[in-house]
Chemist: 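Here you go, one structure.
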Amino acid sequence: MNRSTEVETRMLRFKLLGPLEVAGGGPAFAPTAPRVLNTLALLLVRAGRVVPLDTIIEELWGDDPPRSAARTAQTYVYQIRRWLTAGDAPAPDRDVLLTRPPGYMLRVAPEQLDLSRFDRLLAEGRGLLQDGRSADAVEPLCRALDLWTGPPMANVELGRVLEGHAAALDEHRAHALNLRIEADLRLGRHRELIGELRSLVALKPYDEWYHTLLVCALARSGRRYDALEAFHAARHILAEDLGLSPSPELSEVHAAVLQGEQPTTPLTATATGDAGRGPAAAAVPRPRPRPPRNAGLPSAQPVH
């Protein structure tokens with residue numbers, strides 16, 4: 001093994017798209033203390049950017065921090081730094097967690113973080129699809145989705161700040177899935193998508209785009225009766241649960257099926273979904289401003 005390969009093998013790798021894990025040439029693992037895990041998750045989801053100490057405190061205690069919040073949060077950061085740089089860590093890195101007023105920054109290369117790789121693959125697949133290269137777009141989009149092994153940060157009890165990040169990450173995963181489905185539909189793979197679309201309709205019964213695609217896929221696969229059944233099921237759910245009528249797109253596909261025509265597939269994922277307009281880690285709501293803490297609390301300045 002040459003030196004560059006050995007360095008790459010021992011490089012710390014962080015996973016957020018599923019249970020939070022850290023690995024580096026050995027078995028993956030993560031801190032066991034819940035608030036240390038939250039702190040690490042927050043530093044990772046904002047990797048390469050300074051996370052203010054006040055934001056860490058908000059994540060850990062919300063609007064009711066203890067008087068010792070600043071000092072305790074600093075201790076958690078110190079524990080993470082010691083854990084990442086200890087001799088028995090997966091791949092010790094002395095400069096991975098830096099003090100940068102007014103907080104801390106976790107310095108990781110894009111290839112070290114699954115979220116960064118997801119962003120890159122999503123952008124690549126979206127660009128290829130927008131250029132009309134559907135067959136080429138499928139592969140990077142599938143690779144992006146394969147990085148997910150469960151809900152984001154599944155082993156972390158999310159606080160208010162991380163909840164916003166997790167919600168944004170879920171939207172980005174949905175956007176990547178929609179793009180991959182659109183690429184497959186552009187390639188005429190309607191029949192192959194029926195099972196997946198049925199599953200998505202069951203998981204997200206109020207998403208009319210999935211209902212519309214299912215009706216369309218069934219009709220274009222020669223299953224007009226099933227397509228009409230799928231439409232009536234969608235109309236019933238929307239009416240009974242939400243008091244809504246089917247969308248114009250769903251109604252148009254239904255009308256085409258009734259008239260014996262091949263319905264036009266509503267391909268809109270490349271034109272919609274702001275989740276596709278930038279890195280997933282950046283597209284999160286800003287935390288609500290914290291109320292001033294009591295004057296008697298320790299100063300929320302990071303320690304070195």
Chemist: Are the side chains of N178 and Y210 in contact, using a 4.5 Å heavy-atom criterion?
Modeler: yes
Chemist: Let me confirm one number: the CG-CZ distance from L145 to R143, rounded to the nearest 0.5 Å.
Modeler: 12.0 Å
Chemist: Looking at R13, is its backbone amide N or carbonyl O close enough to the side chain of Q112 to form a donor-acceptor pair, meaning the two atoms are under 3.5 Å apart?
Modeler: no
Chemist: Roughly how far apart are L42 CG and E58 CD, rounded to 0.5 Å?
Modeler: 9.5 Å
Chemist: Hey, what do you get for CG (L97) to CE (M105), rounding to the nearest 0.5 Å?
Modeler: 9.5 Å
Chemist: Mind listing the closest non-hydrogen atom pair of L121 and P140 along with its distance?
Modeler: CB-O, 3.6 Å
Chemist: Evaluate the side-chain contact (heavy atoms from CB on, under 4.5 Å) criterion for residues L214 and L200: first the C-alpha distance (whole Å), next the side-chain angles of each, then the deciding distance (0.1 Å), finally the verdict.
Modeler: CA-CA 9 Å; L214 176 59; L200 288 169; over 6 Å; no
Chemist: Less than 4.5 Å apart, side chain to side chain, heavy atoms only: is that true for Q79 and T75?
Modeler: yes
Chemist: Taking the side chain as C-beta and beyond, is there a heavy-atom pair between Y104 and I80 under 4.5 Å?
Modeler: no
Chemist: Would you check, one step at a time, whether the test side-chain contact (heavy atoms from CB on, under 4.5 Å) holds for L12 with V108?
Modeler: CA-CA 9 Å; L12 281 172; V108 297; over 6 Å; no
Chemist: Without swapping roles, check the side chain of H211 against the backbone of P205 for a donor-acceptor pair under 3.5 Å.
Modeler: yes
Chemist: Establish whether L213 and V138 are linked, either directly or via other cluster members, by ILVMFWY side-chain heavy-atom contacts under 4.5 Å.
Modeler: no
Chemist: Answer yes if L238 and V201 sit in the same cluster of Ile, Leu, Val, Met, Phe, Trp and Tyr residues linked by side chain heavy atoms under 4.5 Å apart, and no otherwise.
Modeler: no
Chemist: Are D207 and K204 close enough for a salt bridge, meaning some N to O gap below 4.0 Å?
Modeler: no
Chemist: Determine the interplanar angle of the F118 and W148 rings, folded into 0 to 90°, and report it as parallel if under 30°, tilted if 30 to 60°, perpendicular if over 60°.
Modeler: perpendicular
Chemist: Look at the side-chain heavy atoms of Ile, Leu, Val, Met, Phe, Trp and Tyr, link any pair under 4.5 Å apart, and say whether L128 and L267 land in one connected group.
Modeler: no
Chemist: With the side chain counted from C-beta on, respond yes when R198 and L193 share a heavy-atom pair under 4.5 Å apart, and no when they do not.
Modeler: no
Chemist: Look up atom CZ in R189 and atom CG in D184, then write down how far apart they are to the nearest 0.5 Å.
Modeler: 5.0 Å
Chemist: Do W61 and R35 have side-chain heavy atoms sitting under 4.5 Å apart?
Modeler: yes
Chemist: Answer yes or no: is there a side-chain heavy-atom contact under 4.5 Å between V257 and F231?
Modeler: no
Chemist: Measuring from atom NE2 of H172 to atom CG of D119, what distance do you get when rounded to the nearest 0.5 angstrom?
Modeler: 7.0 Å
Chemist: Indicate yes or no for a side-chain donor-acceptor contact from W209 to the backbone of P266 under 3.5 Å, with no hydrogens or angles considered.
Modeler: yes
Chemist: Does the distance from a Lys or Arg side-chain N to an Asp or Glu carboxylate O, for R117 and E111, drop under 4.0 Å?
Modeler: no
Chemist: Between V77 and T39, is there a side-chain heavy-atom distance shorter than 4.5 Å?
Modeler: yes
Chemist: Any link between L250 and L218 through a network of hydrophobic side chains (Ile, Leu, Val, Met, Phe, Trp, Tyr) touching at under 4.5 Å?
Modeler: no
Chemist: Check whether D114 reaches the backbone of L16 with its side chain - one donor and one acceptor, N or O, closer than 3.5 Å.
Modeler: yes
Chemist: Is it the case that over 12 heavy atoms from other parts of the model lie below 6.0 angstrom from the CD atom of E157?
Modeler: no
Chemist: With side-chain contact (heavy atoms from CB on, under 4.5 Å) as the test, would you mind laying out the steps for I56 and V51 before giving the verdict?
Modeler: CA-CA 7 Å; I56 297 175; V51 180; 3.8 Å; yes
Chemist: Within the 4.5 Å heavy-atom criterion, are R46 and H165 side-chain neighbours or not?
Modeler: yes
Chemist: With no hydrogens and no angle check, is any side-chain donor or acceptor of R224 less than 3.5 Å from a backbone partner on A219?
Modeler: no
Chemist: Under the 3.5 angstrom rule, does the side chain of K15 hit a backbone N or O of L147 as a donor-acceptor pair?
Modeler: yes
Chemist: What is the distance from atom NE2 of H190 to atom CZ of R220, rounded to the nearest 0.5 Å?
Modeler: 4.5 Å
Chemist: Would you mind checking if D63 and R160 are paired as a salt bridge, meaning a charged N to carboxylate O distance below 4.0 Å?
Modeler: yes
Chemist: Does E196 form a side-chain contact (heavy atoms from CB on, under 4.5 Å) with R180? I'd like the steps, not just the answer.
Modeler: CA-CA 12 Å; E196 183 178 13; R180 201 228 74 222; 2.7 Å; yes
Chemist: Quick check against the 3.5 Å criterion: does S68 have a side-chain atom that pairs as donor or acceptor with the backbone of R71?
Modeler: no
